Amino acid sequence: MHQYEMFNGEAIYIAGPECFYVNGYDSLGAMRKESEYYGFEVTLPNDNPLNLEHEDLRKNADEIFENCAKSMNASTVIIADLETFRGCEPDGGSIYEIGMAYARGIRCYGYTRDLRNMVHKYPLAVLKDGVVYDHDGRVLPYQDLPFSPCVMASCRVIEGDYSDCLKQLRLDIHEEQKESVIRSRKKEAFVPGPTLEKQEKPVVYLAGPERYDSDAELLYEERKALCESYGLQVFTPADDAPGVERITSRDPYLQAYNDFDRWQQHVRNCDIILANLNDFHGWEPNSDTSFECGMAWQLGKRCFGYMDSTEIMRRRIPHYGEDKNNKDIYGNDVENFNYPINLMFSSSMPILEGNFEQALEQMAEQLKKEGIL
């Protein structure tokens, strides 16, 4: 048996914003070759032939999304680039894909060269009376973590590059094989699923960065009342989730893992997710929200997103113009599909324009047309 035959049947989905980089496809090709050398199969979102000649640019985006979904369903592991992208957060589309992978129950890995806590990576922090705030006046979210709770809790986060992550994956598979034959090390497997019985009313989960606002509980109570007036039952990130014991810990990692456990259970329990996809700490949505959207879509939940402005990305995100190949200030391509946000979101859900109340009204109207309400 060749030493790498143990990886046969393992298929890696490579996620990241490299497609927006200069020479990014060459980088993805190198990752593929290295993975295949060790015996892994590789699924890349651009593997299959695509027709990207549609006059309606949104159809090009939708075709890419469908291919990504097909590739994800053929994978056993995701390795995602968690480097900062258009701000201090990772690429929202990649985090959406991690959510999809987590929902499928496959291995989730991410890599970064910068494992500093967010308090050291966020460029617009303000220190006042010993407390660090973000530019919106929130106590800086997850300031003691390198990434959001959903990223930290769902992924094995490796310091380094793709090669370092691939090495850790190989070591982990070796250890799993040991555990599969050493009975004393086996643990009872957790089988995820809904922990809420079927409700008479549609259950909606409100995803968004509001969870980090100082007045989140009051805000959520107001939004719950609005939702209930439309005949919806609502859960928010601030709520307890059936089957998940809430803990309070001074250890930021333990607290993040417990928060994530509640949030992912809300996604499993809901029928519909309504997500605030406005920019957060840069020109990307909040990572927790991105993850929850990908997870919800993969689990077959009904997904709705909303933004204050649904202006297309080429008009919404600052860039250097056509003569500079529409590169943003970070040197990345600003995609052009006539969508307001990354195609992973835009191709999988309607993106409603307006504030929460306006989005809720539009969503309820659509649900009524479909006979859900």
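Everything numeric here is computed off the predicted structure, so don't read it as measured data. Residue numbers start at 1 and run along the sequence shown.
Remark: the E89 side chain and the T84 side chain contain no N/O donor-acceptor pair separated by less than 3.5 Å. Between the side chains of Q298 and N73, at least one donor N or O sits under 3.5 Å from an acceptor N or O. Inspection of the Q265 and N269 side chains reveals an N or O donor paired with an N or O acceptor under 3.5 Å.
For F40 and F7, the ring centers sit closer than 6.0 Å to each other. In summary, the aromatic rings of F345 and Y339 are positioned with their centroids too far apart to meet the 6.0 Å limit.
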- Could you go step by step and tell me if S27 and E18 meet the side-chain hydrogen bond (donor to acceptor under 3.5 Å, both in side chains) rule? CA-CA 7 Å; S27 177; E18 279 75 13; 5.1 Å; no
- Message: Checking Y96 against D91 for the side-chain hydrogen bond (donor to acceptor under 3.5 Å, both in side chains) test, could you report, in this order, the C-alpha distance in whole Å, the side-chain angles of both residues, the deciding distance, and whether it holds?
- Response: CA-CA 9 Å; Y96 183 110; D91 166 45; over 6 Å; no
- Task: Determine, stepwise, if the pair N326 / E322 fulfils side-chain hydrogen bond (donor to acceptor under 3.5 Å, both in side chains).
- Result: CA-CA 5 Å; N326 298 296; E322 290 186 13; 5.6 Å; no
- Query: After noting the C-alpha distance and the side-chain angles of E210 and R223, does the key distance pass the salt bridge (charged side-chain N to carboxylate O under 4.0 Å, His left out) rule?
  - Reply: CA-CA 11 Å; E210 297 85 2; R223 292 188 173 181; 3.3 Å; yes
- Can you check side-chain hydrogen bond (donor to acceptor under 3.5 Å, both in side chains) on Q366 and Q362, steps first, answer last? CA-CA 6 Å; Q366 181 61 37; Q362 294 174 68; over 6 Å; no
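Checked by atom type and distance alone, the side chain of N276 pairs as donor or acceptor with a backbone atom of N278 at under 3.5 Å.
Contact check on R262 versus E292 returns no salt bridge, with no Lys/Arg side-chain nitrogen under 4.0 Å from an Asp/Glu carboxylate oxygen. Electrostatic pairing of K201 and D271 does not count as a salt bridge here, judged by no charged N lying under 4.0 Å from a carboxylate O. Remark: R113 engages E83 in a salt bridge, criterion side-chain N to carboxylate O under 4.0 Å. The pair R170-E175 fails the salt-bridge criterion, with no side-chain N (NZ, NE, NH1 or NH2) lying under 4.0 Å from an Asp/Glu carboxylate O.
Placement of M295 and M152 within a single hydrophobic cluster is found when ILVMFWY residues are connected by side-chain heavy-atom separations under 4.5 Å, directly or transitively.
When each of W297, F260, W263 is checked for a ring pair (Phe, Tyr, Trp, His ring centres under 6.0 Å) with F291, only F260 meets the rule. Put simply, the residue from N286, D288, D136, D134 that forms a side chain to side chain donor-acceptor pair (under 3.5 Å) with Y212 is D288.
Remark: K121 qualifies as a cation-pi partner of F147 under the 6.0 Å distance and 45° angle criteria applied to the six-membered ring. A cation-pi arrangement is absent between R104 and Y13, since the terminal nitrogen or guanidinium carbon is not both under 6.0 Å from the aromatic centre and inside a 45° cone about the axis.
Checked against salt bridge (charged side-chain N to carboxylate O under 4.0 Å, His left out), E36 has the following partners two or more places apart in sequence or in another chain: R32.
Aromatic ring pairs are classed by plane angle as parallel below 30°, tilted from 30° to 60° and perpendicular above 60°; the pair Y122 and H281 is tilted.
Residue pairs meeting the salt bridge (Lys or Arg N to Asp or Glu O under 4.0 Å) criterion with at least one partner in residues 57-81, sequence neighbours excluded, do not occur; the list is empty.
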